Every structure is written in C-alpha cells, then in structure tokens.
Amino acid sequence: MNRIAVLCLAVSSFMAAQQQMSLLDCEEAFQKNNLQLLAEQYNINMADADILQAKIWELPQLSGQFNAYNPQDKKVFDLGHSKGAGITQLIYMGGKKKNEIAFAKSNKELAQLQFSQLLADLRSQLRSTYFNLYYEKLKLENTNKQLGYMNDLLNAYRVQSAKGNVSLKDAVRLQSIVIQLNHDKLEINKNILDFEQNLKVLTGVSEEIEPTMSEAEAKESLAAQPFGNEEELKSKALENNADYQYNLKLIDNSKLYAQWQKSLNVPDVTVGAAWDQAGGTFNNEANLTLGIPLPLWKANQGNVVKANYAIQQNQKNADLQKLTLETKVQSAYKTWKAQYDQLLDIKTTDLQNMDLVYNGMLNNFRKGNVNLIEFTDFMDSYRETALQIYDMKNEIMQSAEQLNQLVQTKIFY
C-alpha cells in the first residue's frame, strides 16, 4: 500500500511540474509575459516623449543691469540711480518647430512598425517551437513503444542465448536495433529539452509545457491551404509585412528630416522688452528689442546635403527589401507546396496499413511465422519511416509558419 502511495505521489509531482497548454494558451501567455516584447514597447513610449520634447519652446531669458561703480559720486554699486532689466524670447522661423514635431511623429510610427515586426517574428518563433515540440513528443511516444517491445524481446533472447537455445548472433542483431532506438530517443529528448526551454522564454511560463493539440486539430492544420496563388501572396506581403513597411516609412521619415534640416537655415528672431532707469535717452526708458542672425551663408547646408543623400539611400534599401520579400515569399510558397504534395501522396490508408503491418509483423513473429532476419529488417525500416513521416508533417507546419511570418496576415483557411 505504501508503494502505491509513493508511486501516486511521484506521478502527481511530475504532472504538477508540467502545464498542459494549447497553442492559443501559449500565444496568450506570450502576449502577457514575453520580456523582449514588453521591453520593445518602451521604444514607443520614448518616441511619445520625443514628440512632447519637440513641442517645447526655448525658455525666455530674463536679464538685469546694475551699476558697478559710479565715477561721478565715487560710489560702488550705486543701485539707486542706475539699473535696468530686460526679457527676451527666441521665435522660431521657417517652420522649424512644425518640421521637428512632424519628424518626431514619424519616428514614433517607425517604432510602432519595429514593434509589429518583432511581434510577428516572436509569434512565428513561438508557433514554430510549439509544433516542433508537439511532433518530437509524438516521435518519442512512438520510439518508446518500439523500445518497450524490443527490450523485452532482447532480454528473452539473452536468456535463451545463455541456455544455448538461440545463437548469440541473433541476440546481437536485436541489440543493434535497441541501440539505434536508444540513440533516436536520446536525440529526440535533446530536441525536446531545447524546445521546452525556448517555450519557457517565449511564454514566461516556468513549468514544462505539454502541447495539447488533438489529432483532429493536427490534421486540420496540415490540410489548411493558403488563399490565392503566389502573386497574391506577394501582394499581401507587400501590404502587411512590417519590415517592408518600415523601409517605406523610412523614406518619408528621411524626407521630413531633410525638410527640418533645411528649415534650420532660416534665421530665428529674438524678441524682447527692456527697461532702463537712467542709462538711456530718457529716464525710465522702455524699449523693444529685436535680434536676428545675418544670413550671410547657410549655416546648416552640410546637414541638408547629408539628409538628401539619406533619402536616396533609403529608397534603394526599400527597393532591395521589396525584392528580398518577394523572393522569400516565392521560395516559402514553393517549399510549402512541395512538402504538402509529398505528404498528400501518402494516403491515410497507407499510414493505417503501415500500423496494421507493424502489428501483424509483431504477432507473426511471436507465432514463429516470420524469421528474425525478416523481423529485424522490417523493424529497422519501420523505425526510419515512422520518424520521417513525423518530420514531413512538422516540415509542412514550419514552412506554413514561415509564409505566415512573411505575409503577416491570415492566409491559411
């Protein structure tokens, strides 16, 4: 009874360390907890602060004038007879403030596009990792099933070989399959650990995540097809891909920056008022002051030229990004289509027949209707085929996810 209690406690502890989550659950946790995504949002907040700063004018300057030495009465700091005060304010000309604010707002739009691209990249990474983990778990389940039978069979052959009833060669032949299955299991477990670690970082969930995708959901995802043809996918990608939209927006941003730099060549005006007790033409004199730099040359011309070159550079970068995006969409679509057609060639009945043949081979071997060589050849072939089929299904999901990441809108129905 105590052993049963200990076993139940161990199983419950293991289950508590795991958290069953659907793909939707993982995406919701990702939106709430992903630290990289949360950190990127502050760039938008900082862009808002830049807009606020761009709207602020220079502070007015208050000045005072006081007598230091009165040579007539030979007094120091004769404040009673000579003092003055003035206030000046810098007035921006040429639309400087308007252009600076427009440039700051454009920077915020760039920050929002960068956030959108990061969101798309990380969500794609999340979904890709989830599918990887799901199919690796299926591979592990299948491998463990084969290992269970083959280990029992190997142990039985070892006993019979020790008694001299079967040859040692037969036991070694079985052992080679067990070794290969154990190697497969080791590689699968390594992959599972990597994928589980990535999911923890992406979702912020500390427990081990157990994918809860049903077989029906998996079949539905595999059967989903993108709308339209290759050209329509390219068009959708150009409309929605945040990275490409960022490069387009960067052209507008550089134009606004150039306009701002050009307006800096326009001289600003300093307006002020001054009062002088006795130092002017009249006593208690009130004056209006105006100041403007002499526009003998364009003091910001170098920055204007540099900004115009930046416009041309960003235009070329946008053209390159467009070509790159279209090429990637084309490649991703062809990859998905080839993998989809390859899996489509394997009928559901073929997969069912493979399991039937596997079970039939096990039963016939137990009954002595199949010799060891035929059995081990089949088991080795079945082992490789089972892993390849899981990999084929996973590759379809990965290529579909790559298309999603590039087009960045719902394309699979």
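These numbers come from a predicted model, not from an experiment.
How far CH2 of Trp275 is from CD1 of Ile87: 15.0 Å, rounded to the nearest 0.5 Å. Residue Asn317 holds its CG atom at 6.5 Å from CG of Asn247, rounded to the nearest 0.5 Å. The line from CG of Leu126 to CG of Leu202 is 5.5 Å long, rounded to the nearest 0.5 Å.
At a cut-off of 3.5 Å, with distance as the only test, a side-chain donor of Asp121 or Gln117 sits close to an acceptor on the other residue. No side-chain donor from either of Asn132 and Thr129 sits under 3.5 Å from a side-chain acceptor of the other. In summary, the side chains of Asn394 and Gln398 do present a donor paired with an acceptor at a separation below 3.5 Å, with no hydrogens or angles considered. Side-chain contact, Asp25 with Ser22: a donor N or O sits under 3.5 Å from an acceptor N or O. A donor atom on one side chain and an acceptor atom on the other are found under 3.5 Å apart for Ser399 and Gln339. Side-chain contact of Asn165 with Gln160: a donor-acceptor pair under 3.5 Å is present, judged by distance alone.
Residues forming a side-chain contact (heavy atoms from CB on, under 4.5 Å) with Asn359 (at least two apart in sequence, or on another chain): none. For the ring-ring contact (aromatic ring centres under 6.0 Å, His included) test, residues two or more places apart in sequence or in another chain that qualify with Phe365 are Phe375. For Tyr358, the ring-ring contact (aromatic ring centres under 6.0 Å, His included) partners at least two apart in sequence or on another chain are Tyr382. Under the rule for a ring-ring contact (aromatic ring centres under 6.0 Å, His included), the partners of Tyr340 that lie at least two apart in sequence or sit in another chain are Trp336. The side chain to side chain donor-acceptor pair (under 3.5 Å) test applied to Asn198 returns no partner, not counting sequence neighbours. With sequence neighbours excluded, the residues forming a ring-ring contact (aromatic ring centres under 6.0 Å, His included) with Tyr92 are Trp57, listed by chain and number.
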Output a table of donor-acceptor pairs, distance under 3.5 Å, between side-chain atoms of residues 292-309 and any protein atom two or more places apart or on a different chain; print 'none' if there are none.
from, atom 1, to, atom 2, distance (Å)
Asn300, OD1, Asn303, ND2, 2.8
Asn300, ND2, Gln261, O, 2.9
Asn300, ND2, Gln261, OE1, 2.8
Asn308, ND2, Val304, O, 3.3

Only distances under 3.5 Å count here; give the side-chain donor-acceptor pairs of residues 40-50 to other protein atoms, sequence neighbours excluded, each with its distance to 0.1 Å.
from, atom 1, to, atom 2, distance (Å)
Glu40, OE1, Asn43, ND2, 3.4
Glu40, OE2, Asn43, ND2, 3.2
Asp48, OD1, Lys108, NZ, 2.8

request  = Using the side chain to side chain contact (heavy atoms under 4.5 Å, CB included) rule, take Ser221 and Met397 through it: C-alpha gap first, then chi angles, then the decisive distance, then the call.
outcome  = CA-CA 8 Å; Ser221 296; Met397 301 308 298; 3.5 Å; yes
query = Stepwise, does the side chain to side chain donor-acceptor pair (under 3.5 Å) test hold for Gln405 with Gln125?
reply = CA-CA 9 Å; Gln405 191 269 341; Gln125 186 179 341; over 6 Å; no
query = Are Gln89 and Gln61 close enough, and set up right, to give a side chain to side chain contact (heavy atoms under 4.5 Å, CB included), and what steps lead you there?
reply = CA-CA 6 Å; Gln89 174 66 56; Gln61 292 189 6; over 6 Å; no
task = Check step by step if side chain to side chain contact (heavy atoms under 4.5 Å, CB included) holds for Leu174 and Leu153.
result = CA-CA 8 Å; Leu174 287 173; Leu153 185 61; 3.8 Å; yes
message = Assess the residue pair Asn241 and Tyr246 against the criterion (side chain to side chain contact (heavy atoms under 4.5 Å, CB included)); give the C-alpha distance rounded to whole Å, side-chain angles, the decisive distance to 0.1 Å, and a yes or no.
response = CA-CA 9 Å; Asn241 185 277; Tyr246 176 88; over 6 Å; no
task = Quick one: do Gln315 and Asp319 satisfy side chain to side chain donor-acceptor pair (under 3.5 Å)? Show the steps, please.
result = CA-CA 6 Å; Gln315 181 64 63; Asp319 293 341; 3.3 Å; yes
key: Worked check of side chain to side chain donor-acceptor pair (under 3.5 Å) between Glu285 and Asn287   = CA-CA 6 Å; Glu285 187 176 64; Asn287 297 315; 3.1 Å; yes
ask   = Given the rule in the side chain to side chain donor-acceptor pair (under 3.5 Å) test, do Asn253 and Asn107 qualify, once you have shown the distances and angles that lead to the verdict?
value = CA-CA 7 Å; Asn253 179 266; Asn107 283 339; 2.9 Å; yes
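Closest heavy-atom contact between Leu248 and Ala318: CD2-CB, 4.2 Å. Taking both residues in full, the closest heavy atoms of Ala171 and Leu154 are given as O-CD1, 3.4 Å, listed atom of the first, atom of the second, then distance.
No donor-acceptor pair under 3.5 Å is formed between the side chain of Asn34 and the backbone N or O of Phe30. Using a distance-only test at 3.5 Å, with no hydrogens or angles considered, a donor-acceptor pair links the side chain of Asn314 to the main chain of Ala310. Not a single donor-acceptor pair under 3.5 Å links the side chain of Ser381 to the backbone N or O of Asp377. In this structure, the side chain of Asn182 engages the main chain of Val178 through a donor-acceptor pair within 3.5 Å. Between the side chain of Lys97 and the main chain of Ile56, a donor-acceptor pair closer than 3.5 Å is present. In this structure, Glu217 contributes its side chain and Ser214 its backbone to a donor-acceptor pair below 3.5 Å. A donor-acceptor pair under 3.5 Å is formed between the side chain of Lys96 and the backbone N or O of Ser263. Side-chain atoms of Glu141 never come within 3.5 Å of backbone atoms of Glu136 as a donor-acceptor pair (strictly under, hydrogens ignored). At distances below 3.5 Å, not a single donor-acceptor pair connects side-chain atoms of Asn142 with backbone N or O atoms of Leu138. For Ser331 (side chain) and Thr327 (main-chain N/O), no donor-acceptor pair under 3.5 Å exists by modelled atom type.
Using a 4.0 Å cut-off between charged nitrogen and carboxylate oxygen, Arg173 and Asp170 do not count as a salt-bridge pair. Salt-bridge check for Lys137 with Glu210: passed, with a basic side-chain N closer than 4.0 Å to an acidic carboxylate O. One finds a salt bridge joining Lys139 and Asp391 here, because a Lys/Arg side-chain nitrogen approaches an Asp/Glu carboxylate oxygen to under 4.0 Å.
Each of Arg123, Lys32, Met21 was scored for a side chain to side chain contact (heavy atoms under 4.5 Å, CB included) with Glu27, with one residue passing: Arg123.
Sorted pairs that involve residues 113-147 and meet ring pair (Phe, Tyr, Trp, His ring centres under 6.0 Å), not counting sequence neighbours, are lacking altogether. Residue pairs that meet the salt bridge (charged side-chain N to carboxylate O under 4.0 Å, His left out) test with at least one member in residues 401-413, sequence neighbours left out, are Arg127-Glu401. Here salt bridge (charged side-chain N to carboxylate O under 4.0 Å, His left out) pairs that include residues 327-339, with residues two or more places apart or in two chains, are Lys337-Asp341. The list of salt bridge (charged side-chain N to carboxylate O under 4.0 Å, His left out) pairs with a residue in residues 233-249, not counting sequence neighbours, reads Glu109-Lys249, Glu230-Lys234, Glu231-Lys234.
Side-chain contact check for Leu233 versus Phe227: some heavy-atom pair is nearer than 4.5 Å. The shortest side-chain heavy-atom distance between Asn189 and Leu140 falls under the 4.5 Å cut-off.
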